[in-house]
Asks: 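Please read through the structure below; I'll follow up with questions.
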Amino acid sequence: MKNPNYQKNDTVLAIDCSGSMYTNDQVKTKTNINSAYDAQFTKTCGRIEAGENFVSQMMGDDRTGIVLFEDLVTYELPLNSDQLTVKLALQNVYDGGSTEFLPAIKSALGMFSEADLNDSRDNKRIILLSDGGDSRKADTRSYLSNLYNSHNPDPRNRVKIFT
C-alpha cells in the first residue's frame, strides 16, 4: 500500500566534470572488483559515490536524470526510474574543460516535461554538484533571476535548484 503522504521526486543530478575536479575529486579506477556486477562500475570518485548513494535512496516512482557538464553539456540521461541505468550513467563522469553552470541548468530544466512541471504532486529539483567556480556567473545569475522572477509564468520556475 502506498503511503498517502508520499511525493514522487524527479531529480536531475548536474555533475561538474571540469578540469578543476581533477584536483578536487579525481576519477580513479576501482581496485576491489569482486563480481561481474561490480565490473560494470570500474570508476569512482566522490561525485560518483554521492550519485550512487542518492540513487540507492530512490523510492516508488522517483526518477533521476544525469547531466554531465564542463563549459558545455557532454552527457545526458533523461529522467529514469531504473536505478541500475542511472548508476551506469554515473560511470561517464570525467575531469576536463572549464566550468559553466548555465548550459547544465538549461539542460536539466529541459528534462522536465510540461506534464511534469504542471503536476503539483511531485517534487522537482536539480542538484548541482560542483567545486563551485562558474566562469560565467553573471550570465547564470541573470538567467536565474529572470526565470525565478515572481511575475514569470514559466512553469520551469517550480523546479528547485540545490547546490
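We number each residue from 1, following the sequence as shown.
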Asks: What pairs with Asp154 under side chain to side chain donor-acceptor pair (under 3.5 Å), at least two apart in sequence or on another chain?
Replies: Arg156
Asks: Could you check whether any side-chain N or O of Arg125 sits under 3.5 Å from a backbone N or O of Thr11, counting only pairs where one atom can act as donor and the other as acceptor?
Replies: no
Asks: Does Lys106 have any salt bridge (charged side-chain N to carboxylate O under 4.0 Å, His left out) partners at least two apart in sequence or in another chain, and if so, which?
Replies: none
Asks: Kindly write out the residues that satisfy side chain to side chain donor-acceptor pair (under 3.5 Å) with Ser56, not counting sequence neighbours, or none if the list is empty.
Replies: Lys87
Asks: Give the minimum heavy-atom separation between Ala14 and Ile126, together with the two atoms involved.
Replies: CB-CG2, 4.3 Å
Asks: In the single-linkage hydrophobic clustering (I, L, V, M, F, W, Y; side-chain heavy atoms under 4.5 Å), do Phe54 and Ile48 co-cluster?
Replies: yes
Asks: Identify whether Leu128 and Val67 are in the same connected component of the hydrophobic contact network (ILVMFWY, side-chain heavy atoms under 4.5 Å).
Replies: yes
Asks: Checking Thr140 now: which residues fulfil side chain to side chain contact (heavy atoms under 4.5 Å, CB included) with it, not counting sequence neighbours?
Replies: Phe101, Leu102, Ile105, Asp134, Leu144
Asks: Calculate, to the nearest 0.5 Å, the distance between atoms CG and NZ belonging to Asp139 and Lys137 respectively.
Replies: 12.0 Å
Asks: Within the 4.5 Å heavy-atom criterion, are Leu72 and Thr74 side-chain neighbours or not?
Replies: yes
Asks: Please name the pair of heavy atoms, one in Arg158 and one in Leu117, separated by the smallest distance, quoted to 0.1 Å.
Replies: NH1-O, 2.9 Å
Asks: Could you tell me whether the side chain of Asp62 reaches within less than 4.5 Å of the side chain of Asp10, counting heavy atoms only?
Replies: no
Asks: First locate atom CE of Met58, then atom CZ of Arg63, and finally report the distance between them rounded to the nearest 0.5 Å.
Replies: 9.5 Å
Asks: State plainly whether one hydrophobic cluster holds both Leu129 and Leu79, where clusters connect Ile, Leu, Val, Met, Phe, Trp and Tyr through side-chain heavy atoms under 4.5 angstrom apart.
Replies: no
Asks: Which residues pass the side chain to side chain contact (heavy atoms under 4.5 Å, CB included) test with Ser113, sequence neighbours left out?
Replies: Ala115, Asp116
Asks: Going by heavy atoms in the side chains, are Asn9 and Asp122 under 4.5 Å from each other?
Replies: no
Asks: Going by side chain to side chain contact (heavy atoms under 4.5 Å, CB included), name the residues that satisfy it together with Leu88, two or more places apart in sequence or in a different chain.
Replies: Gln40, Phe41, Leu84
Asks: For a quick test of reading the model, state the closest non-hydrogen atom pair linking Asn80 to Asp82 and the distance between them.
Replies: OD1-N, 2.6 Å
Asks: With sequence neighbours left out, what residues match Asp119 under side chain to side chain donor-acceptor pair (under 3.5 Å)?
Replies: Arg121
Asks: Would you say Ile127 ends up clustered with Leu147 if hydrophobic residues are merged whenever their side chains have heavy atoms under 4.5 Å apart, either directly or through other cluster members?
Replies: no
Asks: Sorted by first residue and then second, give each side-chain hydrogen bond (donor to acceptor under 3.5 Å, both in side chains) pair with at least one member in residues 41-54; sequence neighbours left out.
Replies: Asp25-Arg47, Thr44-Glu49, Arg47-Asp95
Asks: I'd like to know if the side chain of Asn152 and the backbone of Tyr148 have a donor-acceptor N/O pair within less than 3.5 Å.
Replies: no
Asks: What closest approach, in Å, do Val93 and Cys45 show between heavy atoms, and which atom pair accounts for it?
Replies: CG1-SG, 4.1 Å
Asks: Kindly work out whether a path of hydrophobic side-chain contacts (I/L/V/M/F/W/Y, heavy atoms less than 4.5 Å apart) joins Leu68 to Val27.
Replies: yes
Asks: For a side-chain contact (heavy atoms from CB on, under 4.5 Å) check, start with the C-alpha distance between Phe112 and Val12, then their side-chain angles and the critical distance, and finish with the verdict.
Replies: CA-CA 9 Å; Phe112 297 94; Val12 177; 3.9 Å; yes
Asks: My understanding is that only residues two or more places apart in sequence, or in another chain, count here; which of them pass side chain to side chain donor-acceptor pair (under 3.5 Å) with Glu100?
Replies: none
Asks: Please report, to 0.1 Å, the donor-acceptor pairs under 3.5 Å made by any side chain of residues 15-24, with sequence neighbours excluded.
Replies:
{"residue": "Asp16", "atom": "OD1", "partner": "Ser18", "partner atom": "N", "Å": "2.7"}
{"residue": "Asp16", "atom": "OD1", "partner": "Ser18", "partner atom": "OG", "Å": "2.7"}
{"residue": "Asp16", "atom": "OD2", "partner": "Ser18", "partner atom": "OG", "Å": "3.4"}
{"residue": "Asp16", "atom": "OD2", "partner": "Ser130", "partner atom": "OG", "Å": "2.8"}
{"residue": "Ser18", "atom": "OG", "partner": "Ser20", "partner atom": "OG", "Å": "3.2"}
{"residue": "Ser18", "atom": "OG", "partner": "Thr99", "partner atom": "OG1", "Å": "2.9"}
{"residue": "Ser20", "atom": "OG", "partner": "Asp131", "partner atom": "OD1", "Å": "3.3"}
{"residue": "Ser20", "atom": "OG", "partner": "Asp131", "partner atom": "OD2", "Å": "2.5"}
{"residue": "Tyr22", "atom": "OH", "partner": "Gln26", "partner atom": "NE2", "Å": "3.0"}
{"residue": "Asn24", "atom": "ND2", "partner": "Ser20", "partner atom": "O", "Å": "3.2"}
{"residue": "Asn24", "atom": "ND2", "partner": "Asp131", "partner atom": "OD2", "Å": "2.7"}

Asks: Please, which pairs that meet salt bridge (Lys or Arg N to Asp or Glu O under 4.0 Å) have at least one residue in residues 27-37, sequence neighbours excluded?
Replies: none
Asks: Could you tell me if the side chain of Ser135 sits less than 4.5 Å from the side chain of Asp71, heavy atoms only?
Replies: no
Asks: Can you tell me if Asn118 uses its side chain to pair, donor with acceptor, with the backbone of Glu114 under 3.5 Å?
Replies: yes
Asks: Side chains of Val86 and Leu77: does their closest heavy-atom pair fall under 4.5 Å?
Replies: yes
Asks: Any side-chain heavy atom of Met111 sitting closer than 4.5 Å to one from Glu76?
Replies: yes
Asks: Excluding sequence neighbours, so at least two apart, what forms side chain to side chain contact (heavy atoms under 4.5 Å, CB included) with Pro78?
Replies: none
Asks: Is it the case that atom CZ in Arg136 sees more than 12 heavy atoms from other parts of the structure closer than 6.0 Å?
Replies: no
Asks: Looking at CD of Gln7 and NZ of Lys124, how far apart are the two atoms once the value is rounded to the nearest 0.5 Å?
Replies: 8.5 Å
Asks: Report yes or no: does Ser107 contribute a side-chain atom to a donor-acceptor pair with the main-chain N or O of Pro103 at less than 3.5 Å?
Replies: no
